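Worksheet: one structure, shown below.
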Amino acid sequence: MRKSLVALSVLAATALPSLANAADYSDDIHKNDYKWMQFNLMYAYKELPRSNDAHTGHDYLEMEFGGRSGIFDLYGYVDVFNLTNSDSQDKSGSGDKMFMKFAPRISLDALTGKDLSFGPVQEVYLATLMNWSGNSGPNSVNNYFVGLGSDINVPWFGKVGFNVYSLYDMNKKDWNGYQVSTNWFKPFYTFANGSFLSYQGYIDYQFGMKDKYASASNGGAMFNGLYWHSERFAVGYGLKAYHNVYGIKDSDAFKSSGVAQYVSLSYKF
């Protein structure tokens, strides 16, 4: 999968030059500023990784946010699991109650005042990503990523984010491989009242992980979502495919490869 993702980015950069739409910030770095926030009430069914004897799913509330301000581009969310504190959910017990993803990027176009676009690449970034779980123990998630990011104009999809990171595990105080991430949001059908259907999702794929920290050197996940959007609400269904996710080798006792299903109801602020 890693090779196919890299090949896709190279193909886009070389074969689709007419799609470039440069982000020119020489006159005003704040001219493309915006911000958004929404709350998502969600349920995940058979999310991975999981042991075979785990309960089948869990509910959670997600505050999702993003925007642009000058040189900064931001995406993030905070999840709160098992809202009813039910014993019949796979997030019950002593596991994490919360999880946070925080992904700021710095536009090199806006920072330098130069047009760095080429081919279908509209903008180039210094990309960072931080993943934190809701505890501080030895098995907590405390990962920091840094690398290069871009916005790429892809046929039909439009603007697609594409980032390549190196991973630093703060718990182990060591570098541990790389991650390729891409995301998209494509409205494809608009109703007479202005609401619309969208295909949205992402791919996170890790590779080059060290044997002493991971039982598999590569692995990742792809989320495919079908959503209905109005001005204030959204309803969605997602299918997420996993392969040795987080570098955990799939086994009969502990599953890290397979599919999970998600449903969500969102309110937009």
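Remember, predicted model here, so these are calculated numbers, not experimental data.
His55 places a side-chain N or O within 3.5 Å of a backbone atom of Asp87 that can act as its donor or acceptor partner. Checked by atom type and distance alone, the side chain of Ser166 never pairs as donor or acceptor with a backbone atom of Val146 at under 3.5 Å. A donor-acceptor pair under 3.5 Å is formed between the side chain of Lys173 and the backbone N or O of Met170. For the pair Thr112 (side chain) and Leu108 (backbone), a donor-acceptor distance under 3.5 Å is present. The backbone N or O of Gly161 sits less than 3.5 Å from a side-chain atom of Thr182, completing a donor-acceptor pair. Not a single donor-acceptor pair under 3.5 Å links the side chain of Asn244 to the backbone N or O of Gly247. Judged purely by atom type and a 3.5 angstrom limit, Lys46 has no side-chain atom pairing as donor or acceptor with the backbone of Gln261. Side-chain N or O atoms of Asp169 include one that pairs as donor or acceptor with a backbone N or O of Asn171 at under 3.5 Å. Panel note: side chain Asp96, backbone Met98; no donor-acceptor pair is recorded below 3.5 Å. A donor-acceptor pair is defined here as one N or O able to donate and one able to accept, closer than 3.5 Å; such a pair exists between the side chain of Thr128 and the backbone of Pro104.
Applying the ring pair (Phe, Tyr, Trp, His ring centres under 6.0 Å) criterion to Phe223, with sequence neighbours excluded, gives Tyr202, Tyr262. Under the ring pair (Phe, Tyr, Trp, His ring centres under 6.0 Å) criterion, Tyr43 pairs with no residue, sequence neighbours left out.
For the pair Lys268 and Trp36, the cation-pi criterion (under 6.0 Å, within 45° of the ring axis) is not fulfilled.
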### Task
Step by step, work out the ring-ring contact (aromatic ring centres under 6.0 Å, His included) result for Tyr267 and Phe269.
CA-CA 7 Å; Tyr267 181 79; Phe269 284 82; 5.1 Å; yes

### Message
Quick one, Asp250 with Lys255, criterion salt bridge (charged side-chain N to carboxylate O under 4.0 Å, His left out). Give me CA distance, side-chain angles, the key distance, then yes/no.
### Response
CA-CA 5 Å; Asp250 188 61; Lys255 302 299 295 180; 3.1 Å; yes

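Counting heavy-atom neighbours within 6.0 Å of Tyr237 OH, excluding the residue itself, gives a total above 12. Under a cut-off of 6.0 angstrom, the local environment of NZ in Lys31 is crowded, with over 12 non-hydrogen atoms contributed by other residues, nucleotides or ligands. More than 12 heavy atoms of other residues, nucleotides or ligands lie within 6.0 Å of CG in Asn52, so this atom counts as buried by the packing criterion. The local environment of NZ in Lys114 is sparse, with at most 12 non-hydrogen atoms from other residues, nucleotides or ligands closer than 6.0 Å. Within 6.0 Å of NZ in Lys35 there are 12 or fewer heavy atoms belonging to other residues, nucleotides or ligands. Remark: Tyr246 OH is loosely packed, at most 12 non-hydrogen atoms of other residues, nucleotides or ligands lying under 6.0 Å away. A 6.0 Å sphere centred on OH of Tyr178 holds no more than 12 heavy atoms belonging to other residues, nucleotides or ligands. Crowding of Tyr189 atom OH: a count of heavy atoms from other residues, nucleotides or ligands under 6.0 Å not exceeding 12.
Residues Asp151 and Arg105 are paired through a salt bridge, judged by an N-O separation under 4.0 Å between the basic side chain and the carboxylate. Between Asp79 and Lys101 no salt bridge is recorded (no basic side-chain N to carboxylate O distance below 4.0 Å).
Note on ring orientation: taking the six-membered ring where Trp is involved, the planes of Trp156 and Tyr199 are tilted (angle from 30° to 60°).
Atom-to-atom distance recorded for Met209:CE and Ser215:OG is 8.5 Å, nearest 0.5 angstrom. One finds the CE atom of Met222 at 4.5 Å from the CD1 atom of Ile203 (value rounded to the nearest 0.5 Å). Going from atom OG of Ser181 over to atom CG of Asp204 covers 3.5 Å, rounded to the nearest 0.5 Å. To the nearest 0.5 angstrom, Ile248 atom CD1 is 12.5 Å from His243 atom NE2. Summarising the geometry, atom CD belonging to Glu62 is positioned 8.0 Å from atom CD belonging to Gln38; distances are rounded to the nearest 0.5 Å. To the nearest 0.5 angstrom, Leu74 atom CG is 11.5 Å from Ile106 atom CD1.
Ring-centre distance between His229 and Phe191: not below the 6.0 Å cut-off. In summary, the aromatic rings of Tyr144 and Tyr168 are positioned with their centroids too far apart to meet the 6.0 Å limit.
Leu239 and Phe157 fall into different hydrophobic clusters, defined by Ile, Leu, Val, Met, Phe, Trp and Tyr side-chain heavy atoms under 4.5 Å apart, directly or through other members. If you chain together hydrophobic residues whose side chains sit under 4.5 Å apart, Leu167 and Leu148 never meet in one group. A chain of hydrophobic side-chain contacts below 4.5 Å, direct or via other Ile, Leu, Val, Met, Phe, Trp or Tyr residues, connects Met42 to Leu48.
Glu123 and Tyr125 share a side-chain donor-acceptor pair at under 3.5 Å.
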